[in-house]
Amino acid sequence: MPNAVSPAVAPNGSVERCPTAPLTWLLVGPLGRESASWGAAPQVILGQLQTVQPRASLYELDLPGTGRLWRERTPSQVSEWVEQLRSRVHASGLRGPFGLIASSWASCVAAEWARQHADELGVIVMLSPGMRPFSPVLRSVRPGFWTLALAQVLGRRSPFERDRRYWDTHTQLEHPPAEVLKHWRQLRRAHPFKARNGWRQMLAVWRFETTKRRPHTQVLLLAGKGDVWLDWRVSAAISRAWGAALRVHPEAGHDLLLDDPAWVARSVAEWLMPVGSGSLNST
């Protein structure tokens, strides 16, 4: 049973909700994997968004070189990722301002998009974010996990073993369902992730550094206390620097959309609710 959602808390301790929000949402896929690997999580998020925004829509965006774009060469600069994503969004006829949701090191995309084109974004939601200067790359990731990260990129494990290890190190609340691992194998066969793109993605986040000044006025940070990749205190440091709302799951691991998508969905939806309108029921 997921934990009930508590209100987002600003650095000064007050309850914080987003005063306005867009109706069109963009979910950016993670590094090295496509957004489809999250299974039904995007639908869970959209369902909760529509409880407070009945006309809300959500679109999944994979990073260059992943998913259906696996044949493409991944740029080695986050700024180039942003421009490619913007081009795809605009070519689809979508118009902002958008709500942008990004997880882990892909949160660099949200920060850079806001820095370059803040007017295109209505709100930003970062899940287990990692980026310099708040999380120096070498010191943020637990040392024992670098070998695992390299194995993921270089493919030096069987696909089945890599997927199981990914689940084991990114989640805390559930064992990997057999159907999830089967789905991941199908995705890998359809859209194989190239090692050179993995290197270029790692190089891009290695190079990237955001500002300690808030890149956008409406930012929600979500983190898990069970995260063994990036300590949740990284999110707390970002929250203090940016004056951004923060919610922390007491148990979940690094990939919140795998571990407890219902908690993520309720956290975002409740943050969007007008002040004084009560709270969502937990499920």
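- Here CD of Glu60 is found 8.5 Å from CH2 of Trp38. Values are rounded to the nearest 0.5 Å.
- With hydrogens and angles left out, the side-chain atoms of Glu251 and Trp263 include no donor and acceptor closer than 3.5 Å.
- A donor-acceptor contact shorter than 3.5 Å is absent between the side chain of Arg188 and the backbone of Phe193.
- Atom CH2 of Trp113 is separated from atom CG of Leu26 by 5.5 Å, given to the nearest 0.5 angstrom.
- In plain terms, the two heavy atoms of Glu112 and Gln116 that are nearest each other are OE2-NE2, 2.6 Å.
- By the 4.0 Å N-to-carboxylate-O rule, Glu179 lies too far from Lys182 to be salt-bridged with it.
- A donor-acceptor pair is defined here as one N or O able to donate and one able to accept, closer than 3.5 Å; such a pair exists between the side chain of Arg207 and the backbone of Ser76.
- Put simply, the side chain of Gln50 gets close to the backbone of Ala56: a donor and an acceptor are under 3.5 Å apart.
- Under the 3.5 Å distance criterion, with hydrogens and angles disregarded, no donor-acceptor pair is assigned to the side chains of Trp229 and Asp255.
- Cluster annotation: Val44 is not connected to Trp25 through the hydrophobic network of ILVMFWY side chains, with a link wherever side-chain heavy atoms come within less than 4.5 Å.
- Grouping the Ile, Leu, Val, Met, Phe, Trp and Tyr side chains by contacts below 4.5 angstrom, directly or via other members, places Leu121 with Leu63.
- Here SG of Cys108 is found 8.0 Å from CE of Met126. Values are rounded to the nearest 0.5 Å.
- To the nearest 0.5 Å, atom CG of residue Asp259 and atom CG of residue Leu127 are 12.0 Å apart.
- A donor-acceptor contact shorter than 3.5 Å is absent between the side chain of Trp242 and the backbone of Pro215.
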Determine, step by step, whether Thr210 and Arg115 satisfy the side-chain hydrogen bond (donor to acceptor under 3.5 Å, both in side chains) criterion, reporting the C-alpha distance in whole Å, the side-chain angles of both residues, the deciding distance to 0.1 Å, and the verdict.
CA-CA 9 Å; Thr210 190; Arg115 188 187 69 81; over 6 Å; no

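- Between Arg200 and Glu80 there is no salt bridge, since no side-chain N of the basic residue sits under 4.0 Å from a carboxylate O of the acidic one.
- Using modelled atom types, one side-chain atom of Trp184 and one backbone atom of Ser37 make a donor-acceptor pair closer than 3.5 Å.
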